[in-house]
Amino acid sequence: MTVLVRPKPLGDYKVREFRMLIDGQWVAGAERRTIERVAPGHGVVVSRYQAAAKADAERAIAAARRAFDDGPWPRMTASERSLILLRAADMIAARADELAFLDAVESGKPISQAKGELGGAADIWRYAAALARDLSGESYNTLGEGTLGVVLREAIGVVSIITPWNFPFLIVSQKLPFALAAGCTTVVKPSELTSASTLVLGEILEAAGVPAGVVNIIVGTGPEAGAPLTTHPDVDMVSFTGSTGVGRLTMANAAQTLKKVSLELGGKNPQIVFPDADLDAFIDAAVFGAYFNAGECCNAGSRLILHRDIADEVTARIASLSAKVKVGDPLDPETQVGAIITPQHLEKIAGYVTAAASEGAAVSHGGAALDLGMGQFMAPTILSAVKPDMAVAREEVFGPVLSVLTFETTEEAIRIANSIDYGLSAGVWSRDFDTCLTIGRRVRAGTIWMNTFMDGASELPFGGYRQSGLGRELGRHAVEDYTETKTLNMHIGRRTNWWMPR
């Protein structure tokens, strides 16, 4: 059974109309085409955007280039930029309800979750504002009497920021404020499925005092609007979050002009559970980790690796708790699992479940789409008796589907955890510190949670190993990612001639 929260019609909701932000102006697209967004939880159009073509992307890049080469932003003091970012953070907090509503209605995520993400996003903007004033270089007064060395950190230049649909406001907030803190100028392309909150962010940044051309926001598909942001010679860096497949394409495109690339990609994240774990705490974390954001999360704890001695008991308890999860209307504050982003994605998720069952996996809970009268929804699903070589154990399903595998020894658990192409995050559950530390050191992932799952803070770096990405976001070095280092090698006094004859 699943607890259903049937969506209520949006009633007299008025469709939001948006233009693009280029060089401080809200403009129509060059081809005057529009994109309509149908709410995944309600099945009606909620937003309408100007669709960017290649010419619009090039206009936005040119504006960012001028703003970097000739504008005031890179030449401001760090304290001036910091104050603007702090004003933006306050405005984000003041408009949090509006922004959360837009994210919930466009992405299908629960409104209570969206509000929590907005609180986290405002904190990130404040953290980036603090780091702006902490950015510094190095000096070397140890190179001899005739030499002084200074290493500067300079903004890298124009940055293309491409963000996905699953965390529309949170992920742009993991990138944009740090690029701005460094003194960069930007072109931002949110997913065409969930662009509204990012465009409202453009309004906020204008009001906060960000000069024209520093932040440009365009909406469009990857081939039309995204590709130029990764290939254009006037772009110095690309920061991309999305699927591993598109990440590879982004990297290949950027290689044409040898741009710096930061990639946050997919994950198939294991939670390894030993018999001595606090099972009550783990079972709650397992349900949360699997179904948070309807499983449409690169960090989802979608792969449980349970010790064989406790596997049956733990699976049954997870299924029992899963039956209490409230699924349905994204705008109902009681909802815990909202809608699936598109009908096509729902079909893909269901296909993984069907394939796993045909290969011998058992459906211990859920397993099918839900008909709630409007929108598209998937029942929280548990697949047990999963083998490590099954697709559902190796590939990113990106839905509320939990795969259960078993192990007998620590070595076997580590081998299963490391047997896939991803390495974004992992969890380990045991009261034995030696066990936790062994797993933490030997599982190849960017974040290892010990006796918790999917916790985070602005101070902690985030990113993955292998095909989960390149580079790190957040943390004390986040602003440095958007900089280049420059060495000033200064001679003091008379230089001794070497080449000229004496």
Side-chain H-bond candidate by donor/acceptor type, Arg248 with Gln467, under 3.5 Å: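 There is such a pair between these side chains.
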
Lys175 side chain to Thr241 side chain, donor-acceptor N/O pair below 3.5 angstrom: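 Their side chains do contain a donor-acceptor pair, which is all the 3.5 Å distance test asks for.
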
Salt bridge (Lys or Arg N to Asp or Glu O under 4.0 Å) assessment of Arg65 paired with Asp236: CA-CA 10 Å; Arg65 186 79 262 167; Asp236 300 294; 2.9 Å; yes

Least distance between heavy atoms, Ala129 atom then Ser82 atom: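 Ala129 and Ser82 have their closest heavy atoms at O-OG, 2.8 Å.
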
Whether His345 and Trp165 hold their rings parallel, tilted or perpendicular, with breakpoints at 30° and 60°: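 Answer is perpendicular, since the angle exceeds 60°.
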
Got a sec, which residues hit side-chain hydrogen bond (donor to acceptor under 3.5 Å, both in side chains) with [X], two or more places apart in sequence or on another chain?
| X | result |
| --- | --- |
| Glu395 | Tyr352 |
| Glu145 | none |
| Thr483 | Arg153 |
| Lys326 | none |

[Y] side chain reached by [X] side chain, heavy atoms, under 4.5 Å:
| X | Y | answer |
| --- | --- | --- |
| Asp421 | Thr244 | no |
| Val235 | Val187 | no |
| Trp125 | Ile92 | yes |
| Glu264 | Phe462 | yes |

Quick test of your reading of the model: are [X] and [Y] salt-bridged, counting only N-O distances below 4.0 Å?
| X | Y | answer |
| --- | --- | --- |
| Glu411 | Arg442 | yes |
| Arg126 | Asp123 | no |
| Arg37 | Glu106 | no |

N/O donor-acceptor pair under 3.5 Å between Asn253 side chain and Thr231 backbone: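 Such a contact is absent between Asn253 side chain and Thr231 backbone.
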
Summary of ring-ring contact (aromatic ring centres under 6.0 Å, His included) pairs that have at least one residue in residues 92-113, sequence neighbours excluded: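 ring-ring contact (aromatic ring centres under 6.0 Å, His included) check on residues 92-113 returns Tyr13-Phe101.
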
Geometric cation-pi criterion, Lys260 with Tyr482: 6.0 Å, 45°: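 Negative - Lys260 is either too far from the ring of Tyr482 or too far off its axis.
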
Residue pairs passing the side chain to side chain donor-acceptor pair (under 3.5 Å) test where at least one lies in residues 184-199, sequence neighbours excluded: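 For residues 184-199, and leaving out neighbouring residues, the side chain to side chain donor-acceptor pair (under 3.5 Å) pairs sorted by first residue read Asp103-Ser197.
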
